[in-house]
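Structure first, commentary second.
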Amino acid sequence: MHAGLRITAFAAALAATFGTAYGVGEAVDPVVEDPAPARHESHSEASPAPERGAGHGGHQTEPAGGLEISAGGYTLDLRTQSITAGRRADLSFVIRDDDGRAVTAYRREHDKELHLIVASRDLGTYRHLHPTRAADGTWSIPVDLPRAGGYRVFADFTPAKKGAENLTLGADLAASGPYEPQRLPTPNTTAEIDGYDVRLDGRLRPGKESELKLKVARDGQPVTNLQPYLGAYGHLVALRSGDLAYLHVHPNGEPGDGTTKPGPEISFTATAPSRGTYRLFLDFKHEGEVHTAAFTVRAGAATAAEEASSQAPSGSSSGGHEGEPGHGH
Ligand SMILES: [Cu+2]
């Protein structure tokens, strides 16, 4: 399984189909030279996968996923479009092909046929779920969203059909109730969750691959017995603040490969599709429980100092806007 190749081919297909979306990344990042012409589309089933990053133009730009409800010939048909905040409800959906038929055959990725992410528009609430598929192709899972507001539902899957690429489709979900948008937390490199301290090293870069390392500790001691979760020691999802573009992040190494240790460090490779502010969510498993640590990071800050100086919250404005305060430059 070479996620790199699939995603590269997917990038090319997406570029061919949705040239404008791809153009966003190009416009803000002059380093991107190769617009990934449509001819690359045919690659998907070909020759052995090249190493990630060895692709077109010497580096790889992965397009953002999740911004479209329909892409690559598949559509996310979200049957539940509204629920009540704070009340458990069944979320159900169907993935449909070009002919409107429910897709019932998937390729497993990270141990599952489909990964479902539910995130609030203000990125204050995040869920990584694994719904159950009925024989007719209907997926369902109970959800309980604590706060009212707008949410985005992401389905990350690969149809089993020959030549099909990994896709992340997104659809809106509303949770009714009194709405109080939360401000995006300021950038952080340490997160405390359920008694664990998680430290983030490395920076997310626009249009360039970079390594992100997360180190897990508890009571000041490095955790060296993380448990495999979804075929890795951690699962990292990055969402762009402002439009909730969904980034694919690849774990480096996997349990049992002879070199990857069960902590304290978990390594990932990620590419931001543009400058901007992103929220990173790390799921890791320890002593039978899954925990989620969250980080706010800026991609494209010229220096660490700029990153730090742009962290200051913008005064006491209580305009009730979602997301982050404006850029400091
Ligand atoms: Cu998952």
Side-chain angles (χ1 to χ4, degrees), residues 1-4 6-7 10 62 64-67 71-72 74 76 78 80 90-95 103-120 123 125-134 137-145 151-160 164-171 173 193-194 198 212 214 216 226-240 244-256 260 262-263 266-270 278-286 288-295:
M1 298 286 262
H2 285 271
R6 276 200 308 279
I7 287 164
F10 172 54
E62 296 183 5
L67 297 175
Y74 294 89
L76 169 57
L78 188 61
T80 312
D90 227 29
L91 188 67
S92 101
F93 63 95
V94 176
I95 304 294
V103 176
T104 55
Y106 296 83
R107 209 181 301 160
R108 276 177 177 264
E109 306 263 9
H110 299 298
D111 285 353
K112 300 286 176 184
E113 286 190 343
L114 184 144
H115 301 265
L116 191 75
I117 304 294
V118 181
S120 60
L123 293 171
T125 302
Y126 173 86
R127 299 274 187 275
H128 180 166
L129 307 167
H130 299 109
T132 312
R133 179 171 57 79
T138 305
W139 292 92
S140 61
I141 180 111
V143 287
D144 189 343
L145 299 173
Y151 285 79
R152 191 77 172 162
V153 173
F154 303 91
D156 180 340
F157 63 94
T158 306
E165 304 296 343
N166 175 259
L167 284 172
T168 303
L169 303 178
L173 169 72
I193 181 75
D194 308 331
V198 184
L212 298 173
L214 293 122
V216 184
L226 291 171
Q227 294 169 293
Y229 175 59
L230 304 170
Y233 287 118
H235 197 91
L236 188 67
V237 165
L239 298 173
R240 182 167 60 191
L244 270 61
Y246 178 98
L247 275 66
H248 275 279
V249 181
H250 312 277
N252 297 322
E254 54 188 48
T260 305
I266 319 169
S267 163
F268 298 89
T269 297
Y278 295 78
R279 189 83 171 146
L280 268 44
F281 300 94
L282 171 76
D283 292 323
F284 63 95
K285 192 172 177 182
H286 189 234
E289 298 261 340
V290 175
H291 308 278
T292 305
F295 301 85

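The figures here come from the full heavy-atom set of this structure, side chains too, leaving out hydrogens, waters and symmetry mates. First listed ligand is number 1; within each ligand, the first listed atom is number 1.
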For His115, what is the atom name of its N, O or S atom nearest to the Cu ion (ligand 1)? ND1
Using a distance threshold of 2.8 Å, state whether an N, O or S atom of His235 lies below it from the Cu ion (ligand 1). no
The Cu ion (ligand 1) - closest N/O/S atom in His130: NE2
Side-chain heavy atoms of Phe295 within contact of Leu214, under 4.5 Å: yes
With side chains defined as the heavy atoms from C-beta onward, is the minimum distance between Asp283 and Tyr126 less than 4.5 Å? yes
Qualifying residue for side-chain hydrogen bond (donor to acceptor under 3.5 Å, both in side chains) with Glu113, from Arg108, Arg107, Arg133: Arg133
So, 2.8 Å as the limit: is an N/O/S atom of His110 located closer than that to the Cu ion (ligand 1)? no
Would you call the rings of His130 and Tyr229 parallel, tilted or perpendicular, taking 30° and 60° as the class edges? perpendicular
